[in-house]
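Beneath this line is the structure, given in structure tokens, with notes to follow.
Nothing fancy with the numbering, it's 1 onward along the sequence.
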Amino acid sequence: MTDRELDAAGVGDPVLREAYRRCRVLNARHGRTYFLATRLLPVERRPAVHALYGFARWADDIVDALGTGADTARRDAELSALERELAKGLRDGDSTEPVVRALADTARRHGIDHAHFADFMAAMRADLVVTDYADYAELRRYMHGSAAVIGLQMLPVLGTVVPRAAAEPHAAALGVAFQLTNFLRDVGEDLDRGRVYLPADLLAAHGADRALLRWSRDTGRHDRRVTSALREFEALTRGVYREAAPGLAMLEPVSRPCIRTAFVLYGGILDAVAQGGWSVLHRRAVVPRRRRAVVAADGLARVVTARLRARGGDGPPDVRPLDPYPAVSEEVA
């Protein structure tokens, strides 16, 4: 994290500055799409976002990145230790763990509800033992803690032009939309970890199940039943983006380019999945680098416009359409 960002955020303590830098590293390493979008935020808001996402990445690492050699008991112990440190950090406003220190500072500065962190940790713990979901309602309950609360944590940092409560359902939906996109992109990798996030009833409706997914993954062969189920999951995910879209206009203007860019880039992952023939069991779908650059440049132009207006300048009218995601373009342009 640059000194400029930390100075602008009013983070002066050297130990705390280093804690925020650690969060930035975690976010950059694991969240390429959102890290890119975060760079479009005003500099003083970036450290808080890195703290929130850095903590989330760290907890997720405990669940997933300890590797197959780490048994459930060890991961449970790691999560329990983190929960204790988190509770202490939020209570005292400080911690010996750098990531928790930065998170606690961010929560204090922005008045973030501590219940969101508790809900998130509960979802992380569920990942230790829950390996599939019977239906979408069950999956959505899990995603409240794993994804929706991330959007709710972010909202005080981003700011709104409406009462925050009005924007919260859309912020929560956007967190869910992003995670559903990840679930679709990562079906094969999650299967290798022993998890299936595609609801069992959705798979069954197309004549598919976990065993068929495993067969397709292992053989590299396609099956029309799997493809059909993946197409329905994609359509379901696009529906959640439509739930989220009205919330973009509710954010403070200087925050909109960041979230809009993330919205477009994550939507682009869905496009890449479809264009790749829903082959997510065999290869990872990615947004082409050139497309990412175009979206980032558009976001930067919107940042300039928003900041000119915030300073009282006229600025050019921001009338560019949301071309990369036509299914929701009218709502978020």
Side-chain angles (χ1 to χ4, degrees), residues 30-31 55-83 117-150 172 175-223 225-237 240 269-270 273 278-285:
H30 297 293
F55 177 81
R57 299 295 178 186
W58 187 27
D60 194 57
D61 276 352
I62 292 174
V63 175
D64 290 333
L66 286 175
T68 55
D71 60 21
T72 301
R74 179 184 165 192
R75 287 180 285 175
D76 181 78
E78 292 269 1
L79 276 181
S80 294
L82 178 57
E83 284 178 312
F117 302 112
D119 290 346
F120 173 75
M121 292 303 297
M124 293 300 97
R125 187 168 293 283
D127 267 335
L128 295 179
V129 294
V130 179
T131 60
D132 49 32
Y133 294 86
D135 52 36
Y136 181 61
E138 188 175 283
L139 180 65
R140 192 85 186 227
R141 285 192 292 274
Y142 159 75
M143 288 191 295
H144 167 75
S146 64
V149 297
I150 302 297
V176 170
F178 288 169
Q179 185 164 63
L180 287 171
T181 302
N182 288 340
F183 287 162
L184 182 60
R185 180 195 61 194
D186 300 338
V187 168
E189 295 172 23
D190 287 332
L191 187 63
D192 291 342
R193 297 186 181 106
R195 300 194 198 108
V196 175
Y197 290 106
L198 304 179
D201 65 342
L202 184 152
L203 289 170
H206 297 272
D209 56 17
R210 176 190 283 261
L212 187 59
L213 296 178
R214 186 74 263 171
W215 170 85
S216 180
R217 175 74 166 170
D218 290 343
T219 64
R221 297 174 64 182
H222 294 264
D223 186 284
R225 294 167 292 180
V226 171
T227 300
S228 180
L230 293 172
R231 291 180 69 172
E232 181 178 342
F233 195 79
E234 180 213 338
L236 180 154
T237 302
V240 181
I269 294 173
L270 293 182
V273 168
W278 296 274
S279 299
V280 288
L281 281 164
H282 312 123
R283 60 179 180 271
R284 187 182 180 91

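- Looking at R75, its side chain does come within 3.5 Å of a backbone N or O of V63 through a donor-acceptor pair.
- Taking every heavy atom of both residues into account, Y197 and D127 meet most closely at OH-OD1, 2.8 Å.
- Heavy atoms only, all atoms of each residue included: Y136 and D201 are closest at N-OD1, 4.2 Å.
- A salt bridge is absent between D186 and R193: the closest approach of a Lys/Arg side-chain nitrogen to an acidic carboxylate oxygen does not fall below 4.0 angstrom.
- Aromatic ring pairs are classed by plane angle as parallel below 30°, tilted from 30° to 60° and perpendicular above 60°; the pair Y142 and Y133 is tilted.
- Residues W278 and S228 fail the side-chain proximity criterion, which asks for heavy atoms closer than 4.5 Å.
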Intermediate values then yes/no, side chain to side chain donor-acceptor pair (under 3.5 Å), H282 and S216 | CA-CA 8 Å; H282 312 123; S216 180; 3.1 Å; yes
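- In plain terms, the two heavy atoms of G194 and R210 that are nearest each other are O-NH1, 3.4 Å.
- Counting heavy atoms from C-beta outward, D209 and V196 have side chains that stay 4.5 Å or more apart.
- The CE atom of M124 sits 11.0 Å away from atom CD of E83, with the distance rounded to the nearest 0.5 Å.
- In this structure the side chain of L184 never reaches within 4.5 angstrom of the side chain of I269, judged on heavy atoms.
- Residues L203 and L213 are in side-chain contact: their nearest non-hydrogen atoms beyond the backbone lie under 4.5 Å apart.
- Not a single donor-acceptor pair under 3.5 Å links the side chain of R217 to the backbone N or O of D192.
- With a 6.0 Å radius and a threshold of 12 heavy atoms from other residues, nucleotides or ligands, R214 has its CZ atom above the threshold.
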